[in-house]
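For reference, the structure discussed in these notes is given below.
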Amino acid sequence: GYDQQHTLSCEARSAVDWARHYGVSIKEAEFQAALPLSDNPEKGFVGDTDGLTGMIPPSSYGVHAPPVAAVLRDFGLDAVDRQGMSFDDLRRHVAAGDPVIVWVIGKVWEGGSPVQYAAPDGETVTVAHYEHTAIVIGYDEDGLTFVDGAMNYWRATDTFLSSWEVLGNMAIVID
């Protein structure tokens with residue numbers, strides 16, 4: 001992976017690093033520009049990519065899996081956004097050599113609290129302070145290995161599960 005270019009561009013950074021695994025080269029700025037803008041993170045990017053970290057909508061926030069997967073499909077990848085993905089399914093993808101983009105809290109911090117946000121479009125969505133993405137690239141009996149921008153790190157399984165569940169086990173996988 002590479003460093004993300006903006007404070008809140010983790011989703012674009014994860015997406016282009018993930019795409020590169022499948023032989024598709026996209027610049028982070030090109031991917032970010034292709035994301036729709038919205039006040040609802042389920043529909044598009046919320047706020048400014050250089051906004052403060054840790055905020056929730058309507059402040060600058062980021063974007064959830066559905067719009068990211070849609071843009072990845074526009075670039076020719078068979079990306080599927082998942083809600084409620086099981087840990088076993090995540091491990092099956094990784095074991096098959098397919099990394100998984102996950103929505104977590106911070107750098108896969110333990111815990112976090114879901115917040116119900118009433119978007120101006122009338123939809124209520126779950127958001128969380130310090131929403132972030134990373135790519136699961138491996139696992140062992142005790143934990144998982146992540147690519148997160150230019151960093152690689154390992155987290156214990158319980159820590160990951162606690163972080164991942166805050167936003168409903170949201171992920172992007174290859175179909």
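- Atom CG of L8 sits about 7.5 Å away from atom CG of D48, to the nearest 0.5 Å.
- Expressed to the nearest 0.5 Å, how far CD1 of I174 lies from CH2 of W18 amounts to 3.5 Å.
- The nearest pair of heavy atoms linking S60 to G47 is OG-CA, 3.5 Å.
- In the hydrophobic cluster analysis, where Ile, Leu, Val, Met, Phe, Trp and Tyr join through side-chain heavy atoms closer than 4.5 angstrom, L77 is grouped together with F31.
- By the 4.5 Å heavy-atom criterion applied to side chains, L90 and V136 are counted as neighbours.
- Rounding to the nearest 0.5 Å places CG of L144 at 9.0 Å from OH of Y139.
- With respect to D78 and R73, no salt bridge is recorded, no charged nitrogen being found less than 4.0 Å from a carboxylate O.
- Using a 4.5 Å heavy-atom cutoff, the side chains of Q116 and V125 are not in contact.
- Residues D17 and I135 form a side-chain contact, since some pair of their non-hydrogen atoms from C-beta on lies under 4.5 Å apart.
- Shown here are the ring-ring contact (aromatic ring centres under 6.0 Å, His included) partners of F160, two or more places apart in sequence or in another chain: F146, W164.
- Distance CD/E131 to OG1/T53: 11.5 Å, rounded to 0.5 Å.
- A donor-acceptor contact shorter than 3.5 Å links the side chain of H21 to the backbone of G97.
- Checked by atom type and distance alone, the side chain of T157 pairs as donor or acceptor with a backbone atom of D142 at under 3.5 Å.
- Residues L35 and V68 form a side-chain contact, since some pair of their non-hydrogen atoms from C-beta on lies under 4.5 Å apart.
- Side chains of P57 and D39 form no contact here, defined as non-hydrogen atoms less than 4.5 Å apart.
- Across all non-hydrogen atoms, the minimal contact from P36 to V71 is CD-CG2, 4.3 Å.
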>> Let's go through Y117 and E123 carefully: what are the C-alpha distance in whole Å and the side-chain angles of both, what is the deciding distance for side chain to side chain contact (heavy atoms under 4.5 Å, CB included) to 0.1 Å, and is it a yes or a no?
In response: CA-CA 8 Å; Y117 164 65; E123 186 176 351; over 6 Å; no
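- Taking each heavy atom of P66 and E42 in turn, the nearest pair found is CG-OE1, 3.4 Å.
- Here the CD atom belonging to Q32 is positioned 15.5 Å from the NZ atom belonging to K27, to the nearest 0.5 angstrom.
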> Could you walk me through whether H132 and I105 pass the side chain to side chain contact (heavy atoms under 4.5 Å, CB included) check?
Replying inline: CA-CA 6 Å; H132 188 60; I105 304 305; over 6 Å; no
> After noting the C-alpha distance and the side-chain angles of V166 and W103, does the key distance pass the side chain to side chain contact (heavy atoms under 4.5 Å, CB included) rule?
Replying inline: CA-CA 9 Å; V166 174; W103 269 251; over 6 Å; no
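- E110 and S163 share no side-chain donor-acceptor pair at under 3.5 Å.
- Residue A119 comes nearest to N40 through the heavy atom pair CB-CB, 3.8 Å, listed as atom of the first residue, atom of the second, then distance.
- In terms of modelled atom types and a separation under 3.5 Å, the side chain of W109 and the main chain of Y130 share no donor-acceptor contact.
- Between A15 and L72 the shortest heavy-atom distance is O-CD2, 3.8 Å.
- One side chain, D148 or Y153, offers a donor N or O that lies under 3.5 Å from an acceptor on the other.
- In terms of heavy-atom proximity, N169 sits nearest to E165 at OD1-CA, 3.1 Å.
- Sorted by first and then second residue, the side-chain hydrogen bond (donor to acceptor under 3.5 Å, both in side chains) pairs with a member in residues 80-99 read Y22-D98, R82-D89, D88-R91; sequence neighbours excluded.
- When atom types are taken as modelled, the side chain of E28 and the backbone of Q5 share a donor-acceptor pair closer than 3.5 angstrom.
- How far OG1 of T126 is from NE2 of H64: 8.0 Å, rounded to the nearest 0.5 Å.
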>> Walk me through whether Y61 and F45 qualify under side chain to side chain contact (heavy atoms under 4.5 Å, CB included).
In response: CA-CA 8 Å; Y61 175 76; F45 190 90; over 6 Å; no
